[in-house]
2 protein chains.
Amino acid sequence: MFDINPSHSSPIWVQIEEGVRRMISLGALKPGDPVPSVRDLARTLRVNPNTVARVYQRLAEAGVLAVRRGEGTYVADDPAQPKKAEKSEKLREAATAYAGTALAVGATADEAAAELERSYERLSREHRRKA
Amino acid sequence: MFDINPSHSSPIWVQIEEGVRRMISLGALKPGDPVPSVRDLARTLRVNPNTVARVYQRLAEAGVLAVRRGEGTYVADDPAQPKKAEKSEKLREAATAYAGTALAVGATADEAAAELERSYERLSREHRRKA
DNA sequence: CGTACTGTATTAGTAACCTAGTACACAGTG
DNA sequence: CACTGTGTACTAGGTTACTAATACAGTACG
């Protein structure tokens with residue numbers, strides 16, 4: 001599936017939410033596909049079921065997942081994409097954070113760009129592998 | 001100086017520490033220069049003095065700042081740079097985080113790279129302006 | 001000396017996040 | 001029906017990050 005870093009500063013539920021969205025963006029999860037049950041994913045990621053449940057609820061509310069109570073949770077038929085404005089904002093915010101730490105450790109723009117490319121490659125590959 | 005985002009997921013003290021390191025990396029703060037007093041910076045950034053004090057202590061311990069108790073805090077004569085290994089690790093971690101959210105919002109590698117470049121530009125400009 | 005500025009230390013309180021445990025309601029299967 | 005696996009709800013507890021208030025210690029200056 002994907003990995004979680006409990007010692008990372010960003011909350012676990014955010015990491016899980018992004019993980020699921022990535023899987024869908026990359027096509028590792030397609031419309032109609034079932035996602036792991038709350039308890040299963042919690043066990044796999046070694047987190048509390050409540051944390052996963054919260055993410056599924058958020059994603060269902062956002063139109064990304066469809067919940068069939070008592071049966072399971074599935075990728076929505078037409079999974080909602082972030083609105084253009086929201087996408088831009090989040091992208092800009094994340095880019096600022098990355099540029100900020102890159103500058104703080106004394107990395108040049110080229111070094112930062114190269115490392116970004118490698119990360120993109122790696123994440124894409126990992127998700128496609130487990131599709 | 002630089003900006004702080006209290007609603008951001010990363011702790012305020014991390015943002016401050018990175019901010020100071022950026023200023024030094026970019027030459028806005030030079031060896032021997034005084035940095036704002038704990039209380040001054042705290043007031044400017046609208047944070048608690050203890051938070052700033054903690055950052056200064058960490059940076060002093062790391063060899064980036066030199067504290068002259070009762071007098072003030074200054075950039076070290078030869079401010080320590082992160083070790084190569086540490087630099088690589090932090091860069092990779094930050095790049096992974098950025099690539100992760102970029103993929104989650106459905107951004108292409110090109111879009112992410114372009115946004116990164118803009119952020120680099122902006123941060124560099126801001127710091128040089130206030131040097 | 002006294003005053004005013006530095007950094008430092010200690011204690012207490014608040015909020016967010018996560019964990020843990022339990023219980024309930026719905027769907028599928030035998 | 002019983003049984004199992006779904007999502008959901010609720011309460012309680014711990015940890016971490018930050019705030020708040022206060023006090024202490026060193027330096028500069030008049």
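Here is the naming used below: chain letters follow the sequence lines, and residue numbers restart at 1 for every chain.
Computed from coordinates, the A:Ile4 CD1 to C:dC17 C1' distance equals 14 Å when rounded to whole Å. Rounded to whole Å, the distance from CZ on A:Arg43 to C1' on C:dA20 is 16 Å. Taking atom CD of residue B:Gln57 and atom C1' of nucleotide C:dG7, one finds them 8 Å apart after rounding to whole Å. Atom CZ of A:Arg58 and atom C1' of C:dC18 are 16 Å apart (whole Å). Note: NE2 (A:His8) to C1' (D:dA17) measures 16 Å, nearest angstrom. Distance A:Tyr56 OH to D:dA9 P: 17 Å, rounded to the nearest Å. Remark: P of D:dT11 and CG of A:Asn48 are 16 Å apart, rounded to the nearest angstrom. What separates OH of A:Tyr74 from P of D:dG5 is a distance of 15 Å, to the nearest Å.
With hydrogens and angles ignored, no donor-acceptor pair closer than 3.5 Å exists between the side chain of B:Arg68 and the base of C:dG7. Residue side chain A:Arg39 reaches the base of D:dG7 through a donor-acceptor N/O pair under 3.5 Å, judged by distance alone. The base of C:dG21 is paired with the side chain of A:Asn50 by a donor and an acceptor separated by under 3.5 Å.
Side-chain polar atoms of A:Ser7 and A:Asn5 form a donor-acceptor pair below 3.5 angstrom. For the residue pair A:Thr101 / B:Arg22, no side-chain donor-acceptor distance below 3.5 Å is found, with atom types taken as modelled.
A donor-acceptor distance shorter than 3.5 angstrom exists from the side chain of A:Lys30 to the backbone of A:Gly27, with no hydrogens or angles considered. For the pair A:Tyr98 (side chain) and A:Ala112 (backbone), a donor-acceptor distance under 3.5 Å is present.
Heavy-atom nearest nucleotides on DNA chain D were determined for B:Arg46 and for A:Glu71, and the one closer to the 5' end corresponds to A:Glu71.
Listed nucleotides D:dT8, D:dG7, C:dC18 differ in distance to A:Ile12; the shortest reach to its side chain belongs to C:dC18. For A:Val38, whose side chain is taken as the heavy atoms from C-beta onward, the closest listed nucleotide among C:dC17, D:dG7, C:dT8 is D:dG7. Distances were taken from every side-chain heavy atom of B:Val47 (C-beta onward) to each of D:dA28, D:dG7, D:dT19; the shortest belongs to D:dT19. Nearest to the side chain of A:Ser37, among D:dG7, C:dC17, C:dG7, sits D:dG7. Considering only the side chain of B:Arg69, D:dA25 comes nearest among D:dA20, D:dA25, D:dA28.
For the side chain to side chain contact (heavy atoms under 4.5 Å, CB included) with A:Leu59, the qualifying choice from A:Val75, A:Ile16, A:Val64 is A:Val64, the only one to do so.
The side chain of A:Thr51 contributes no N or O atom lying less than 4.0 Å from OP1 or OP2 of C:dC18.
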